[in-house]
Trainee: 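Input: one structure, supplied below.
These figures come from a predicted structure and were not determined experimentally. In the text below, chain A, chain B and the rest are named by the order of the sequence lines, each starting its count at 1.
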Amino acid sequence: MRLSQYFLPTLRDTPAEAQIVSHRLMLRAGLVRQQAAGIYSWLPLGLRVLRRIEAIVREEQNRAGAIELLMPTLQSAQLWRESGRYDDYGAEMLRIVDRHERDLLYGPTNEEMVTDIFRSTVRSYRDLPLNLYHIQWKFRDEIRPRFGVMRGREFLMKDAYSFDLDEAGARAAYNRMFVAYLNTFARMGLRAVPMRADTGPIGGDLSHEFIILAETGESQVFCDRQLVDMPPPGDVDFRSDLQPIVEARTALYAATEEMHDATRFEREVPEERRLSARGIEVGHIFYFGDKYSKAMNATVHGPDGVERPVQMGSYGIGVSRLVGAVIEASHDEAGIVWPDAIAPFDVAVLNLRAGDGATDAAAQHAYDTLGRSGLEALLDDTAERPGAKFSVMELIGIPWQLVIGPNGLARGVVELRHRASGERHELSLESALSKLGSR
RNA sequence: CGGAGUAUAGCUCAGCCUGGUAGAGCGCUUGCUUCGGGAGCAAGAGGUCGUUGGUUCGAAUCCAGCUACUCCGACCA
């Protein structure tokens, strides 16, 4: 992409409405633009990041055996009356009336709808296990939206729903998502710690929030430091028993503020491993048994011929929230520092003197070569001054900057800069290109 | 939803207290000079001062209603 032909409205000043760093940087770097309280337009650069996060989530869901579909944003109130949640949900649910005076709602979640799809099609345990997911916009009419996309009213979420014959099957389904989540967040350069969450009236131990640690996190969390350093499971066989992997993580202490037990924390975790930090919830998995299947009559016949409500769980990842969360976890004074896997571009080529024959030719050559290597490059071919170019590139956080200027070229070198480490190396254009291409 | 604020140029803000018809910096346009860390000089464009009403000879300024946004709290993927 040529910057001169792109749409990247960056801001020098921090907009007054933004309080936390990710919100400020998202506005300044031209990722989003607020349209109403808690509702954002995604500008091209932000959309690229959103799409890359979405792609990683999708790949890992598919790998874990979940199957993608797409349910609508608008739902009929009928289904919600069946589950009883139309009245229970309260003002957080955005209700809409159509021209025929029918009650609709903008979905805050999809348990009822997916249960309806399930009950109208699946009859036998032979069709289980089943896990259906989608990545769709949701709306929750928060009393007080804040923190930019971290706590918006409209948000993009991956939500998966598992269906199993019995609790053992549901636990296996839960474990698959648990493991998939560890891999998903690790691929984004995040270290997410699963923390025991409140299971509400269902009880049991099958609910975890996945928390990433960031200084500006919204809530206080407590855990064993070993959990943070634990490597992701990686390539596992999702048909195998995943209980050992899950147990390795759930055996160690980890709790959010609401679930924290200071006495247990001190008894179970050696002092040097006690970690108290701020965290951001980026995922939540939950087993809720037959709560919806019973109310909505979603049953299957078991091998014994008996018809019983299907056992369900749901598994959410806040896709749009992750954009903000990653920035909270990865930024510096100058701007965003994107992890490689979700950066909007892989490399920025800075032509320090657009219009100069030598730098134009070298920059064009670099851009073409990088493209052939399968890298997404952003070529700054604008007439801005070098200082302005450096500032913008650091603000938008592209992992690598290839700086091509007249002074360097006269000496036969360009400069390769790494955004995260700040390292800079002068080397020939060709070796810079081969270094980038081989990454 | 309770409490507190804000609304003036694309952005950040001043002007309001003490009423007399609107300013700065940045950004934008044009020209010249510059050119390795958000350049310099010069010339320009850009605002029914959120909205409705009231007070007044006269309202960005005072008063009231409305709307939007922000912050603190409660709530929350």
Trainee: Across the strands shown, which category fits A:V282 at heavy-atom distances under 4.0 angstrom: base, sugar-phosphate, nothing?
Mentor: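 It contacts nothing in the nucleic acid.
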Trainee: Which part of the nucleic acid does A:G283 contact within heavy-atom distance under 4.0 Å: base, sugar-phosphate only, or nothing?
Mentor: nothing
Trainee: Once you apply the 3.5 Å cut-off to both distances, tell me the Watson-Crick or G-U wobble partner of B:rU34, or none.
Mentor: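 Base-paired to nothing in any strand shown.
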Trainee: Pick base, sugar-phosphate or nothing for A:R28, based on heavy-atom distances below 4.0 Å to the nucleic acid.
Mentor: base
Trainee: Between B:rC76, B:rC28, B:rG36, which one does the side chain of A:E384 approach most closely?
Mentor: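 Ranking B:rC76, B:rC28, B:rG36 by closest atom to the A:E384 side chain puts B:rC28 first.
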Trainee: Taking a pair as Watson-Crick or G-U wobble with both distances under 3.5 Å, which nucleotide is matched to B:rA7?
Mentor: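 The answer is B:rU67, by the H-bond criterion.
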Trainee: Using the P atom as the reference point in each nucleotide, state the distance between B:rU8 and B:rC69 in Å, no decimals.
Mentor: 14 Å
Trainee: Which one, B:rU70, B:rC35, B:rG25, comes nearest to the side chain of A:D13?
Mentor: B:rG25
Trainee: Measure across A:A197 and A:E209 and return the closest heavy-atom pair with its distance rounded to 0.1 Å.
Mentor: CB-CG, 3.6 Å
Trainee: Please state the P separation for the pair B:rA43 and B:rG5 - nearest whole angstrom.
Mentor: 44 Å
Trainee: Tell me yes or no: between the side chains of A:Y292 and A:E111, is some donor less than 3.5 Å from an acceptor?
Mentor: no
Trainee: For A:T14, report the nucleic acid contact type (base, sugar-phosphate, nothing); a contact means any heavy atom under 4.0 Å.
Mentor: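 The answer is sugar-phosphate, as A:T14 gets under 4.0 Å only of primed atoms, P, OP1 or OP2.
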Trainee: For A:I404 and for A:R33, find the nucleotide of RNA chain B with the closest heavy atom, then tell me which residue's nucleotide is more 5'.
Mentor: A:R33
Trainee: Considering only the C1' atoms, how many Å lie between B:rG15 and B:rA60, rounded to the nearest integer?
Mentor: 8 Å
Trainee: Would you state whether a donor and an acceptor, one from the side chain of A:R146 and one from the base of B:rC76, lie under 3.5 Å apart?
Mentor: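 Checked by distance alone, the answer is no.
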Trainee: Taking the C1' atom of each, how far is B:rA59 from B:rC16, in whole Å?
Mentor: 10 Å
Trainee: Name the one of A:D380, A:L3, A:V403, A:L370 that satisfies side chain to side chain contact (heavy atoms under 4.5 Å, CB included) with A:V349?
Mentor: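 Of A:D380, A:L3, A:V403, A:L370, side chain to side chain contact (heavy atoms under 4.5 Å, CB included) with A:V349 is met by A:L370 alone.
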Trainee: Which distance, rounded to the nearest 0.5 Å, do you find between the CG of A:L375 and the CG of A:D346?
Mentor: 5.0 Å
Trainee: Name the pairing partner of B:rU56, where a pair is Watson-Crick or G-U wobble with both distances under 3.5 Å, or state none.
Mentor: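 Pair assignment: B:rU56 / none.
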Trainee: Between B:rU12, B:rG37, B:rA77, spot the one nearest the side chain of A:S391, thanks.
Mentor: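 Among the listed nucleotides, the one closest to the side chain of A:S391 is B:rG37.
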Trainee: Crowded around A:R33 CZ? As in, over 12 foreign heavy atoms under 6.0 Å?
Mentor: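 Not more than 12 within 6.0 Å, no.
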Trainee: Using whole Å, report how far CG of A:D356 lies from P of B:rG36.
Mentor: 12 Å
Trainee: Give the rounded distance in Å between these two atoms: CD1 of A:I53 and P of B:rA77.
Mentor: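 Answer to the nearest Å: 20 Å.
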Trainee: May I ask you to say what A:G152 touches in the nucleic acid, namely base, sugar-phosphate or nothing, with a heavy-atom cut-off under 4.0 Å?
Mentor: base
Trainee: Is the ring centre of A:Y315 less than 6.0 Å from the ring centre of A:F178?
Mentor: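 No, ring centres 6.0 Å or more apart.
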Trainee: Let's test this: given Watson-Crick or G-U wobble pairing with both distances under 3.5 Å, identify the partner of B:rG44.
Mentor: B:rC28
Trainee: Would you kindly give the CD-to-P distance between A:E17 and B:rG5, to the nearest whole Å?
Mentor: 21 Å
Trainee: I need the single residue from A:I211, A:I280, A:L275 that forms a side chain to side chain contact (heavy atoms under 4.5 Å, CB included) with A:V221. Which is it?
Mentor: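 Considering A:I211, A:I280, A:L275, a side chain to side chain contact (heavy atoms under 4.5 Å, CB included) with A:V221 is found only for A:I211.
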Trainee: Between A:R385 and B:rA39, is there a side-chain N or O to OP1/OP2 distance below 4.0 Å?
Mentor: yes
Trainee: Report the nucleotide, chosen from B:rU12, B:rG73, B:rU70, that has the shortest atom-to-atom distance to any side-chain atom of A:R144.
Mentor: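 Looking only at heavy atoms from C-beta outward on A:R144, the closest nucleotide is B:rG73.
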Trainee: Mind checking if A:E142 touches a base, just sugar-phosphate, or nothing, with heavy atoms under 4.0 Å?
Mentor: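 Here A:E142 touches the bases of the nucleic acid.
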Trainee: Contact class for A:R424 (heavy atom, under 4.0 Å): base, sugar-phosphate, or nothing?
Mentor: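 A:R424: base contact, heavy atoms under 4.0 Å.
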Trainee: So, A:D368 versus A:Q364: side-chain donor-acceptor pair below 3.5 Å or not?
Mentor: yes
Trainee: Please determine if a side-chain N or O atom of A:Q34 lies less than 4.0 Å away from the OP1 or OP2 oxygen of B:rU70.
Mentor: yes
Trainee: Compare every heavy atom of A:M259 with every heavy atom of A:R196, then report the nearest pair and how far apart it is.
Mentor: O-CG, 3.5 Å
Trainee: For A:A36, report the nucleic acid contact type (base, sugar-phosphate, nothing); a contact means any heavy atom under 4.0 Å.
Mentor: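 Here A:A36 touches the backbone only, sparing every base.
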Trainee: Compare the minimum distances between each of B:rG37, B:rA77, B:rC76 and the side chain of A:E92, then state the nucleotide with the smallest one.
Mentor: B:rC76
Trainee: For A:E218, which contact category applies under a 4.0 Å heavy-atom criterion: base, sugar-phosphate, or nothing?
Mentor: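 Since no nucleic acid heavy atom lies under 4.0 Å of A:E218, the category is nothing.
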Trainee: So what does A:G316 hit on the nucleic acid, given a heavy-atom distance under 4.0 Å: a base, only sugar-phosphate, or nothing?
Mentor: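 The residue A:G316 makes no contact with any strand.
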Trainee: For the side chain of A:F390, counting heavy atoms from C-beta on, which of B:rU70, B:rG37, B:rC26 is nearest?
Mentor: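 Of the options given, the side chain of A:F390 lies nearest B:rG37.
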Trainee: Go ahead and name the base partner of B:rC16; Watson-Crick or wobble counts if both distances stay under 3.5 Å, otherwise write none.
Mentor: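 Pair assignment: B:rC16 / none.
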Trainee: Send over the distance from A:R411 CZ to B:rG36 C1', rounded to a whole Å.
Mentor: 10 Å
Trainee: Suppose we define a pair by two distances each less than 3.5 Å, Watson-Crick or G-U wobble; what does B:rG2 pair with here?
Mentor: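 Across any shown strand, B:rG2 pairs with B:rC72.
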Trainee: For B:rC62 and B:rU6, measure between their P atoms and round to the nearest Å.
Mentor: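 Each nucleotide's P atom is 11 Å from the other's.
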Trainee: Name the closest nucleotide to the A:I143 side chain, picking from B:rG36, B:rC1, B:rG37.
Mentor: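 The nucleotide sitting nearest to the side chain is B:rC1.
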Trainee: Taking only the P atom of each, what is the distance from B:rG37 to B:rA24 in whole angstrom?
Mentor: 30 Å
Trainee: Side chain of A:R353 only, please: which of B:rG36, B:rC26, B:rC35 is the nearest?
Mentor: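 Taking heavy atoms from C-beta onward, the closest nucleotide is B:rC35.
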Trainee: Can you identify which nucleotide, out of B:rC69, B:rG36, B:rU12, has its nearest atom closest to the A:V403 side chain?
Mentor: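 Of all the options, the side chain of A:V403 is nearest to B:rG36.
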Trainee: What integer number of Å spans the C1' atoms of B:rG36 and B:rA77?
Mentor: 45 Å
Trainee: Would you kindly compare A:R140 and A:N407 by the position of their nearest RNA chain B nucleotide and give the one closer to the 5′ end?
Mentor: A:N407
Trainee: Could you work out the separation of B:rA14 and B:rA7 based on their C1' atoms and round it to a whole Å?
Mentor: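 The answer is 15 Å between these two C1' atoms.
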